[in-house]
Each structure stands twice: as C-alpha cells, then as structure tokens.
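One structure below.
Remember, it's a predicted structure, so these values are computed and weren't measured experimentally. Atoms within each ligand, like the ligands themselves, are counted from 1 in listed order. Just so you know, residue 1 is the first one in the sequence shown, and it goes up from there.
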Amino acid sequence: MNLCDFAPEYIRSIQPYQPGKPISELAREMELDESCVIKLASNENPLGTSPLALDAMINALHDVALYPDGSGYELKAALSKRYAVAPEQIILGNGSNDILDLAARVFLKPGAAAVYSQHAFAVYPLVVQMIGANGISVPALDYGHDLPAMLDAITPETRIVFIASPNNPTGTLSNADDLLRFMERVSRDVLVVMDEAYNEYLPEANKPDSIKWLKQFSNLLITRTFSKIYSLAGVRVGYGLTHPDVANLMNRVRQPFNVSSIGLVGALAALHDAEFVQKSYALNRAGMLQLTEGFRKLSIETIPSYGNFISFRIKGDATNTPKVYQSLLQQGIIVRPLGIYEMPHHLRVTVGLESENKRFLESLEYAMGELA
Ligand SMILES: *Cc1c(COP(=O)(O)O)cnc(C)c1O
C-alpha cells in the first residue's frame with residue numbers, strides 16, 4: 001500500500017470539477033491571439049468589473065500585509081441592512097461554493113444523505129462526496145427540479161436538500177409557490193439550501209420571497225454570490241442567509257479568514273453600485289433575446305433560461321456535440337460542454353456583449369454547416 005491508497009475510497013473516486021477553459025489555455029493550444037478569444041463558458045459578467053468595486057479593491061491593495069477582518073463586519077452590516085436580516089444570520093464565504101461546502105461539512109457525515117436534482121449544479125454532488133455521504137439524484141422534469149419527487153426522495157438519513165433556482169446549467173426556475181409548498185412540507189430536521197446565484201438576473205415578478213421565509217423556516221439556507229451580476233468571480237465572495245443557530249455552526253467550521261480583504265471591500269462596493277447592476281441586468285435581457293432569436297433562426301432547440309446563460313441542443317447523435325464544441329474552439333469561442341451533467345447533446349453559452357453574441361452565433365452557424 002502506498003500513502004494515497006489510504007485516502008478514503010469516497011475521496012479517490014471523486015471526479016474533479018471541470019471549469020470552463022481559460023482564455024490563455026485556448027490561445028496557447030490553437031495559437032490564437034488572446035484578444036481574439038471569446039470566453040462564454042463560466043457565466044461571468046461580460047461588462048468586466050464594477051468601476052466602484054475596482055477602485056475600492058485597488059485602494060485596498062495597500063493594506064494586504066494585514067489579515068482581513070475575519071468577521072466581515074462591514075459587508076455583513078451592509079447585507080443586513082439591504083435584506084433586513086440580522087448580521088447573525090449571515091455567513092460569508094470564499095465564493096458561494098464555500099457556503100455549500102460549509103453546509104455539507106456541518107450537516108453531513110458518512111452514512112448521511114443529501115438530495116439534489118439531475119442536471120443540477122455540479123458542486124452539490126462534489127461537496128456531498130467529499131464527506132463520504134450519499135448523494136441522491138432525483139430525475140429532472142423538463143430539465144427542471146421535480147420538487148414533489150425530491151420531497152419523496154428524502155430518507156431518514158437525509159440532512160440536506162439542494163435546490164438551485166435558477167438552476168445552472170439548465171436555467172430553469174422553480175415557481176415561488178412550489179418552493180414555499182416544499183418548505184412547508186419538508187421536515188424541519190432537513191436543511192434546504194436554496195442556491196440563488198442568479199437571483200439578481202430575475203425580473204422582479206419572478207423573484208421568490210425567499211428571504212422572508214427565513215422567519216418561518218429555521219431549516220432554510222439561501223446562498224447568493226458576488227461572482228455573477230456583481231462581477232467579482234475572480235476574488236471569490238459569496239454569502240449565506242439562514243437561522244442564527246445554523247450560521248453559528250457554519251462559522252465554527254469555516255477558515256478564520258475565508259474571505260480576502262480585497263474580496264470584502266470589492267463586494268461591499270459592488271453591492272452599492274446599483275447603476276452597474278442595472279446595466280448588467282439590462283445587457284443580459286437584451287443579449288438573451290439576441291441569442292434566443294439567433295438559435296431560432298438556426299433551428300436550434302434551447303432550454304428557456306432565467307439566468308445569464310442558455311443551454312442548446314445539437315441535433316443528431318451525441319458525437320455531434322463535441323464536434324460543434326471543437327469547431328467553436330477553433331474559431332476562438334469557448335462554451336461549456338454538459339456531458340458531466342448527463343446532457344451529452346447540449347452546450348451552454350453565457351450571454352456576452354452584443355458583439356460577442358453575434359460572433360458566437362456566426363461561429364455556431366459555421367460549425368453547423370461543417371456538420372452537414
Ligand atoms: C456560479 C454559481 C455559483 C457561484 O459560485 P461562486 O463560488 O460564488 O463563484 C453557485 N451556484 C450556482 C448554481 C452557480 O451557477
């Protein structure tokens with residue numbers, strides 16, 4: 001036996017998360033100029049960073065010799081005010097993935113279980129498996145979450161249910177009434193994680209009153225992120241809103257300085273950059289229309305999306321999908337293949353700038369021509 005054989009089987013069998021291909025990597029592989037490459041693979045904000053956040057972070061660089069405020073006092077105070085929750089209900093994370101990981105570490109152990117939907121965000125099975133707990137994947141309904149079936153899938157060992165709304169990579173939204181009904185029916189000894197990474201991209205009419213539900217349900221954890229509309233994916237800041245007792249447990253297992261000083265000030269400034277958020281929202285709405293219209297013209301089937309990305313289906317057998325993916329790469333366009341999501345016919349594209357969407361659609365048309 002060598003050292004690595006002593007690692008638990010549930011660790012050795014983990015399939016690593018596959019991130020979107022970085023621009024520099026594709027440029028190297030295809031011998032392209034980096035400036036010619038368009039990355040629409042990781043649901044990043046195409047407008048770049050909020051100018052207010054950028055200024056705040058540049059200023060904060062002078063103080064990086066010091067540890068960050070481990071309690072995140074100012075950011076929590078701002079979130080507390082914005083969402084009318086107590087600071088004790090907020091937990092900050094190194095991205096919201098960190099919050100998902102903390103929830104798993106607090107509530108799962110080998111033998112325990114977590115429920116999530118087929119085609120749901122890939123980080124859920126990952127954090128469950130890291131603990132050696134059992135993941136229960138519930139078949140999707142029209143690519144979305146089948147909430148009644150997820151409720152039925154809960155076993156006595158189940159401690160967490162993950163719900164992503166909108167979900168990534170399908171873009172599907174669970175109806176607010178259905179979510180509330182789910183909360184009313186689920187046992188209070190099961191933590192429901194509502195992952196709302198794309199909440200800010202929803203029209204007001206589609207936003208659930210989830211934060212209000214915190215008063216009613218002590219087993220609810222809402223996760224949000226600064227990586228998407230707030231444009232700070234690179235500095236890794238996310239947060240969870242929950243019952244103070246749950247936040248307290250999560251605080252015990254987090255690293256004392258899990259959010260960097262740069263991330264803390266960037267997030268605080270981004271939270272207050274209403275103009276940038278509004279601009280990002282409007283750009284996404286227009287870009288989504290542009291892409292949807294483009295797909296329609298190419299007779300390409302899509303899954304209607306509430307996020308800042310959309311998944312589309314390549315016709316014919318599943319070997320066509322990697323061919324289209326490769327052709328797009330050769331043309332300098334990075335999108336995301338969805339094989340690991342049990343969607344081998346689909347690719348996911350992030351809504352970009354108008355010019356990027358246009359080039360993507362032209363490249364896709366060319367790729368489809370190559371197939372024929
Ligand atoms: C992008 C995304 C996140 C956010 O991840 P961060 O760690 O905050 O960057 C969380 N959940 C879903 C479903 C996502 O798509």
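From the protein, the heavy atom lying nearest to atom 11 (N) of ligand 1 is D195 OD2, 2.7 Å. Looking from atom 3 (C) of ligand 1 to the surrounding protein, the closest heavy atom is K228 NZ, 3.3 Å. Counting protein heavy atoms only, atom 9 (O) of ligand 1 is closest to S227 OG, 2.6 Å. Given atom 5 (O) of ligand 1, the protein heavy atom at minimum distance is S96 OG, 3.5 Å. For atom 7 (O) of ligand 1, the closest non-hydrogen atom of the protein is R236 NH2, 2.7 Å.
Close contacts of ligand 1 with A197, meaning ligand atoms under 4.0 Å from a residue heavy atom, involve 2 (C), 3 (C), 10 (C), 11 (N), 12 (C), 14 (C).
On a distance-only criterion, N168 and ligand 1 share at least one N/O pair closer than 3.5 Å.
Contacts with ligand 1 closer than 4.0 Å are made by side-chain heavy atoms of Y198 only, the backbone lying farther away. Contacts between A164 and ligand 1, counted as non-hydrogen atom pairs separated by less than 4.0 Å, are absent for every part of the residue.
Geometric assessment of R224 against the ring of Y83 yields a positive cation-pi assignment under the 6.0 Å and 45° thresholds. Geometric assessment of R159 against the ring of F107 yields a negative cation-pi assignment under the 6.0 Å and 45° thresholds.
At a threshold of 4.5 Å between side-chain heavy atoms, the hydrophobic network of Ile, Leu, Val, Met, Phe, Trp and Tyr places L147 and V192 in one connected group. Note on I229 and M288: separate hydrophobic clusters, where clusters join Ile, Leu, Val, Met, Phe, Trp and Tyr whose side-chain heavy atoms are under 4.5 Å apart, directly or indirectly. In the hydrophobic clustering of this structure, I262 groups with L92; members are Ile, Leu, Val, Met, Phe, Trp, Tyr whose side-chain heavy atoms approach within less than 4.5 Å, directly or through other members.
The list of salt bridge (charged side-chain N to carboxylate O under 4.0 Å, His left out) pairs with a residue in residues 168-178, not counting sequence neighbours, reads D178-R181.
Across T225, D98, N308, D101, heavy-atom proximity to atom 8 (O) of ligand 1 is greatest for T225.
Each of Y325, Y143, F309, F312 was scored for a ring pair (Phe, Tyr, Trp, His ring centres under 6.0 Å) with H346, with one residue passing: Y143.
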